[in-house]
Every structure is written in structure tokens, then in C-alpha cells.
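Below is one structure, written out as C-alpha cells, with a few remarks after it.
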Number of protein chains: 2
Amino acid sequence: MEDKYLSIMQFSKLMREVFRIIKKRIGETNEDDLKITPEQIGLLHAISMTDEDVIQKDMAELMGKDKSAILRLIDSLEEKELIRRVVDKNDRRKNYLMVTKHGDRVLKNYLAIVYEIMDEIQEGISESDIATFKKVLARVKHNAEKL
Amino acid sequence: MEDKYLSIMQFSKLMREVFRIIKKRIGETNEDDLKITPEQIGLLHAISMTDEDVIQKDMAELMGKDKSAILRLIDSLEEKELIRRVVDKNDRRKNYLMVTKHGDRVLKNYLAIVYEIMDEIQEGISESDIATFKKVLARVKHNAEKL
DNA sequence: TAAATTAGTTGTAAATATCAACCAATTAAT
DNA sequence: ATTAATTGGTTGATATTTACAACTAATTTA
């Protein structure tokens, strides 16, 4: 009956599974810098990926979270010296979010582990199926944004 | 560079987006019974879907969470009278988890909304692409379980 | 019968989230 | 130009979820 639908429940579980694997691998490296929560790395990654410099408000919108939630994530990233708040000279209400060198390094190392896992997780799946998967995902994302 | 990989970060964001939409739609219905968290409905759904009667330990394994986390989710579901704990007569350590009529009703109504959203979210995607998507997902899940 | 295992519970602590109230800086309106 | 409104960020309060460890009670195994 629900066969034609993507199952959001199964999605959630898969995500938990993947983050469990990431956590395990990170633990094995003994690199304390990498011991960072999914939410924190997600935000760091998002800040690092944007084409333009961003302020806190931008990230709240981009991540689809309340500005206070973002603020606290930023606090935790700043405490770990992975990013820095830089006040806009022209509009002193705004904090630009800058990734530190250390932040770059940590992100890179983290992603290396993630890609390693992704390689294993995608084993046996053809490139064209991966492409289709990504195409569907992009479309779903597009459709979802309008709702 | 990271083009051949599925992006776990984007995945997370999409999931948040979908749950945001669900929450919004639920809010519009004004049905208080449906105001239930994603984790709670996820567990209710999982309990309802199993072929055999399950105990708490089973759900912890199935959901990939600590047994105490499951226990507290069960507490919250029981408080809302969506499920009931029933002690096994032969082994009094075990609690079978039974979905109440009310629980069935709430789950059904919730899923109706989810399916409605899924219809909109899958618009413009061919059935064969959806099928491929699900195939990939199943394979990913399978691969992930071994790690 | 004693020891080990199993299922569930409780305490504690951390992380995340939202909402509302608030301040300070900036912009718009009268 | 002064007041009013808006904007970006912060704080406080509260709720949910999670894991880990220590524990109890019931059942099995030795």
C-alpha cells in the first residue's frame, strides 16, 4: 500500500546507522579534534561550502533551524576554535562566520573518513544508479522547498 | 571531487525539511493527538509494522538505539495511551509492546498526512527512478549493516 | 544451589531544539 | 531630526532525545 512512497522512517534509521559508523571510525582514530557531533560538523561543513560570506541568520535559514539553535552551535564551534565570529564593519549587528585553518583541517579529516565509509557503503551500486539516486534527491529537495 | 559520493549532510537537511513540512501540516489540522515527535511516531510505526510481537529489547535493536532511550520513548507513548506494555506470562522480565486502538488511529492519520506530502514531494519523478532510488537505499542499508 | 545472563529501570549528563523576551544597531516614516 | 519599526543576535526557560553506567528482578546455566 505504501509501496510507492519513500519511507521517511527508514530514512531516519539509515541516517542513524551511518552516523553510528562514523562515530565508531572516529573513535578508532584517537584524534580528539574529530570528536565533534553531527550537528556541529554539519554546520561547519555548511559554512565552509557557501560561496559568499555568511552571517548567523543566513545559516539559520540555510539549515532550517531557529536562530538560537544556530547561535548555540556556533558557540560550540567557536569554543573549539573551528570558526570565528567577525563583526561586520558596516553593520555592527552582523557576525560573519569564518572557518579557521584548524576548522578547515578538522573538516577535511572528518570528510576523509566519511568518504571512506561512503565508498564501502556504495559498494556494488552502479554509477548510473548513484546518479539516478542523486537526481531523485535533488528533485525531492526542490519539491520540498515549495511546501 | 566529492561528486561520486552521496552527501550525508544534504540528507540530514532534507530530512529536517520534510519533518518541518509534516509539522506544519499537522499544525494546520488542529488535531492534538497528532502532535507527536518524529522519534515517537517512528517508534510507534516500527512497533506496528513488525510481524511478531516485540519486547523493548527488540525495538532497541531494530531502531539502533540504547535500551534506555527506547524505554523513555515507550514511556512517552504509553503516557499518550498509544501503546501498552504487557508482561509476558512465561517470562516476567519481558514487556510486550501492544499498539492500542487509539495508537492505530493516530498512526493512520499521521501516515495519511505523510503520504499526502510524499505525493507532492515525489511529483515529477518517474516510477522507475523511485524504484531505483529504493533499490539503492536498500543496498546502502545492507552494506551499512556490516560496518 | 550458586553463578551468569537477560530485560528492564533509574540516575546522570550532554546535546539539541523551540519559544518568547530582550538589547542594540540600523533603516524607514512622520 | 526624532520617533517608530525592523533586523540580527543573545539569553532564559523548558522539553526531547540520547548514551553510559549502575542497579534490580527474573530466568537459565553450571
> Contact boundaries of DNA chain C with chain A (under 4.0 Å, heavy atoms), 5' to 3'?
Replying inline: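 Extent of the interface on DNA chain C: C:dA15 to C:dT26.
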[X]: which residues meet the side chain to side chain contact (heavy atoms under 4.5 Å, CB included) condition with it, sequence neighbours left out?
X	value
B:R85	B:Q56, B:L71, B:I74, B:D75, B:E78, B:N95, B:L97
B:L34	B:I26, B:T29, B:E31, B:V106, B:N109, B:Y110, B:I113
B:K135	A:D129
B:E61	B:K57

> Taking DNA chain D as the partner, which of residues 24-41 of chain B come within under 4.0 angstrom of it by heavy atom?
Replying inline: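 Contacts with DNA chain D under 4.0 Å: B:T37, B:E39, B:Q40.
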> Got a sec? Which of residues 64-78 of chain A come in under 4.0 Å of DNA chain D, heavy atoms?
Replying inline: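 Here the set is A:K67, A:S68, A:L71, A:R72.
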> What are the residues of residues 56-63 of chain B, sorted by number, that bring a heavy atom to within less than 4.0 Å of DNA chain C?
Replying inline: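 Residues of residues 56-63 of chain B under 4.0 Å from DNA chain C: B:Q56, B:K57.
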> Linking Ile, Leu, Val, Met, Phe, Trp and Tyr through side-chain heavy atoms less than 4.5 Å apart, which residues share a cluster with A:I55?
Replying inline: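 Listed partners: A:V86, A:Y96, A:M98.
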> Got a sec, which hydrophobics cluster with A:V87, joining ILVMFWY side chains under 4.5 Å apart, including via others?
Replying inline: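 Besides A:V87, the cluster holds no residue at all.
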> Is any side-chain nitrogen or oxygen of A:R93 closer than 4.0 Å to OP1 or OP2 of D:dT7?
Replying inline: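 Checking D:dT7 against A:R93, no side-chain N or O comes under 4.0 Å of OP1 or OP2.
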> OP1 or OP2 of D:dT10 less than 4.0 angstrom from a side-chain nitrogen or oxygen of A:N95, does that happen here?
Replying inline: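 So the side chain of A:N95 is within the cut-off, an N or O lying under 4.0 Å from OP1 or OP2 of D:dT10.
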> Which residue pairs pass the salt bridge (Lys or Arg N to Asp or Glu O under 4.0 Å) test when at least one of the two sits in residues 99-110 of chain A, sequence neighbours left out?
Replying inline: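 Non-adjacent pairs meeting salt bridge (Lys or Arg N to Asp or Glu O under 4.0 Å): zero.
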With a 3.5 Å cut-off and sequence neighbours excluded, list the donor-acceptor pairs that the side chains of residues 140-147 of chain A form with protein atoms.
from: A:N143; atom 1: OD1; to: A:R139; atom 2: NE; distance (Å): 3.2
from: A:N143; atom 1: ND2; to: B:I121; atom 2: O; distance (Å): 2.8
from: A:N143; atom 1: ND2; to: B:E123; atom 2: O; distance (Å): 2.8

>> Once you apply a heavy-atom cut-off of 4.0 Å, does B:D88 come out as touching a base, just sugar-phosphate, or nothing?
In response: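 If one applies the 4.0 Å heavy-atom cut-off, B:D88 turns out to touch nothing in the nucleic acid.
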